[in-house]
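Heavy atoms only: backbone and side chains are in, while hydrogens, waters and symmetry mates are out.
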Amino acid sequence: MSVDMLSYLFIGGSFLLYIGIAVWARAGSTKEFYVAGGGVHPIANGMATAADWMSAASFISLAGLISFVGRDGSAYLMGWTGGYVLLAMLLAPYLRKFGKFTVPDFVGDRYESSTARIIGVVCTIVISFTYVAGQMRGVGIVFSRYLHVDINTGVILGMAIVFFYAVLGGMKGITYTQVAQYCVLILAFTVPSFFLSAQVTGHILPQIGLGATLETGQSVLATLDQLSLDLGFAQYTAGKKSTFDIFCLTVALMCGTAGLPHVIVRFFTVPRVKDARTSAGYALIFIALLYTAIPGVAGFGRVNLIQTLNGPDNTGTEYAEIPSWFKNWENAGLLGWNDRNGDGKIQYAAGAAFDGKKGKPSYAEGDERGEFGQRLASNAKADANFDAAKQPFANEVYVDRDIMVLANPEIAQLPAWVIALVAAGAVAAALSTAAGLLLVISTAIAHDLMKKTINPNINDKQELMYARLAAVVAICIAGYFGINPPGFVAQVVALAFGIASASVFPTLMLGIFYKRMNTQGAIAGMLVGLISTVGYMWYFVFGGGDSADYFMGVSPGGFGAIGMVLHFVVAIVVASMTPPPSEEMQRIVEDLRIPRGAGEAHAH
């Protein structure tokens with residue numbers, strides 16, 4: 001059976017499964033819509049949390065990002081995995097004990113302020129829409145290749161699927177759908193990674209593949225370093241970012257993970273605080289299965305890509321002899337070739353491959369802003385200044401980073417069923433997180449804005465109606481951002497994490513561990529963190545800002561760490577200069593940090 005037929009079968013079958021689960025587990029009350037009735041088993045909740053957290057950025061984009069930037073990509077691995085540990089240990093149990101399942105609800109009640117609640121709603125919506133843009137873009141990429149439609153049509157198809165099980169099932173439907181999606185995505189990632197590891201290194205464990213010795217006598221990492229230097233790229237194990245920028249990006253991703261609204265709500269779908277801790281432990285195990293394999297998959301894919309495009313003698317491959325996968329992705333608009341020296345060979349090296357005046361993608365390897373940050377006109381004179389005699393091996397290939405995981409099985413010539421399985425897994429990863437984010441948006445609007453702030457008198461049925469209407473509107477807006485994304489998937493998601501680290505994380509931390517924190521401090525901190533971080537990102541990602549003007553060399557993705565520091569400083573200073581919160585709230589905060597059932601210590 002062909003790859004196309006298997007892809008239709010695997011993706012179509014998974015869609016029927018997700019929709020079937022949504023119909024079976026449809027929500028009949030606001031409690032079921034928001035927190036799945038609070039009765040999910042810890043293991044199932046761990047799977048659902050892992051699927052909710054491992055988005056298209058984890059499945060599709062992270063290995064592709066690392067394969068292109070090498071060491072610099074380690075910030076994403078350390079930040080996202082470390083952040084989940086931070087969430088599980090420092091925030092989740094306390095928020096669960098406080099009893100408020102949304103960030104705005106916690107902020108509004110802890111700081112005893114409707115204004116703080118509204119700012120919390122704004123922060124939640126900004127974070128969620130930024131994040132969901134990357135997910136819808138991921139869905140569009142998968143559909144554009146495997147269903148042979150353009151990316152925009154692919155995004156619309158993804159919107160339709162999410163509509164069915166997010167709007168109908170709410171958190172109850174999403175939870176059990178995400179259990180199925182986790183099973184699909186983990187199989188779809190690990191099976192080809194075992195194949196790739198065995199093919200490149202001779203053993204099946206990708207987790208130790210980078211140190212494996214190849215036929216040349218060099219390790220995979222040493223081979224990547226040599227290939228990168230030969231082709232004009234930065235050394236794979238060295239990278240381009242400064243150590244301080246890597247540190248800030250790691251901190252922003254870590255603290256942003258701990259402040260993600262759609263992950264926090266997961267700890268309210270289990271019956272008890274103890275179950276919240278248990279499900280967090282299971283989720284970390286389920287997440288580790290994928291994340292420990294990513295560096296190996298990235299390295300194997302990079303080696304295969306370079307060797308396939310440049311040939312065994314590193315002089316290029318005749319376009320007429322290139323494998324079909326190249327033309328498939330070329331037709332999808334995510335890979336391109338420009339025969340700049342007219343020799344009929346594909347030659348892949350560092351530098352921009354296209355003349356911007358032709359309306360083709362222009363992409364410089366190692367530029368973290370990629371195609372979207374550079375804008376096509378930045379290399380408008382590239383071909384006009386090209387001299388084949390002086391540059392016989394200049395770059396002729398544009399590769400979208402987001403295709404690497406999807407293209408890996410085809411590049412390695414793995415069986416057709418493995419290629420189709422990867423397609424189904426990529427869709428599962430993107431849709432699972434998109435559904436969780438859309439539910440957070442609808443909850444923030446229906447529960448925190450309508451019910452808690454604008455009209456407290458609405459009944460359960462009306463609130464559920466508002467939640468579903470908000471989800472429909474959110475899906476439409478998410479689709480727009482998927483069609484007009486601000487960057488490649490991992491980059492867009494990193495921006496969402498940066499915003500969360502600067503706006504939500506400090507507010508939660510101070511609300512739990514600093515009983516003196518009051519309304520004025522919380523509001524001032526959230527506004528400073530949100531405005532400074534979004535403003536910085538907007539200027540340098542969309543406003544044409546030059547990377548030479550970065551504050552202390554910190555890239556937009558890492559500025560969330562700076563915004564977080566500003567948030568903490570401003571919030572604490574303002575709180576110290578204004579009246580403390582009520583005595584009752586201070587007692588609640590003190591009790592929040594004491595495990596239930598704990599008594600006084602006794603000497604023995």
Side-chain angles (χ1 to χ4, degrees), residues 40-66 73-93 131 134-135 138 174-175 177-194 205-208 250 253-267 269-270 275-298 405 422 425-426 428-437 489-490 493-494 496-497 500-501:
V40 180
H41 191 278
I43 294 179
N45 195 56
M47 284 188 178
T49 303
D52 207 356
W53 185 77
M54 291 191 297
S55 63
S58 295
F59 189 100
I60 297 175
S61 195
L62 185 52
L65 175 69
I66 294 174
S74 63
Y76 292 83
L77 284 172
M78 294 185 293
W80 283 338
T81 50
Y84 187 80
V85 176
L86 196 65
L87 171 64
M89 296 181 66
L90 283 184
L91 291 181
Y131 200 161
Q135 312 314 309
I174 286 172
T175 295
T177 300
Q178 285 174 336
V179 171
Q181 287 170 330
Y182 174 78
C183 296
V184 172
L185 75 86
I186 200 65
L187 281 174
F189 196 91
T190 55
V191 169
S193 72
F194 292 153
L205 291 178
Q207 286 82 357
I208 58 175
T250 303
L253 295 173
M254 186 178 293
C255 296
T257 298
L260 287 179
H262 73 292
V263 177
I264 290 172
V265 73
R266 278 261 150 246
F267 297 99
T269 59
V270 291
D275 295 328
R277 292 181 185 272
T278 304
S279 67
Y282 281 121
L284 192 57
I285 294 171
F286 296 140
I287 290 167
L289 293 176
L290 185 142
Y291 262 66
T292 53
I294 284 176
V297 171
V405 168
V422 170
L431 293 182
S432 63
T433 304
L437 290 165
V489 175
V493 170
F497 279 74
S501 69

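- Take Ser279 and apply the side-chain hydrogen bond (donor to acceptor under 3.5 Å, both in side chains) test, not counting sequence neighbours, and it matches Asn45.
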Residues Leu289, Phe189; criterion side-chain contact (heavy atoms from CB on, under 4.5 Å); working and verdict = CA-CA 9 Å; Leu289 293 176; Phe189 196 91; over 6 Å; no

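- Interatomic distance, OG1 of Thr81 versus CG of Leu86, reported as 11.5 Å (0.5 Å rounding).
- Between Tyr291 and Leu62 the shortest side-chain heavy-atom distance falls below 4.5 Å.
- Atom OG1 of Thr257 is separated from atom CG of Leu91 by 11.0 Å, given to the nearest 0.5 angstrom.
- One distance of note links CD1 of Ile287 with CE of Met47; it measures 12.5 Å at 0.5 Å rounding.
- Considering CD1 of Ile43 and OH of Tyr282, their distance stands at 4.0 Å, rounded to 0.5 Å.
- The heavy-atom pair separating Gly82 from Met254 by the smallest distance is C-CG, 3.7 Å.
- Considering all non-hydrogen atoms of both residues, Ala63 and Val405 come closest at CB-CG2, 3.4 Å.
- In terms of heavy-atom proximity, Val297 sits nearest to Ser193 at CG2-CB, 3.4 Å.
- Contact check for Tyr182 versus Thr49: no side-chain heavy atoms found under the 4.5 Å cut-off.
- To the nearest 0.5 Å, the span separating CG on Leu253 from OG on Ser501 amounts to 8.0 Å.
- Ring planes of Tyr76 and Trp80: perpendicular class, angle over 60° (limits at 30 and 60°).
- Looking only at side-chain heavy atoms (C-beta outward), Phe286 and Ile186 stay at 4.5 Å or farther from each other.
- Between Thr292 atom OG1 and Ile208 atom CD1 the span is 11.0 Å, to the nearest 0.5 Å.
- What you find for Ala258 and Leu87 is that their closest heavy atoms are O-CD1, 3.4 Å.
- Residues Val422 and Ala188 share a closest heavy-atom pair of CG2-O, 3.5 Å.
- Taking a 6.0 Å sphere around CZ of Phe194, one finds it holds more than 12 heavy atoms contributed by other residues, nucleotides or ligands.
- Ala283 and Tyr84 get closest at one heavy-atom pair: CB-OH, 3.0 Å.
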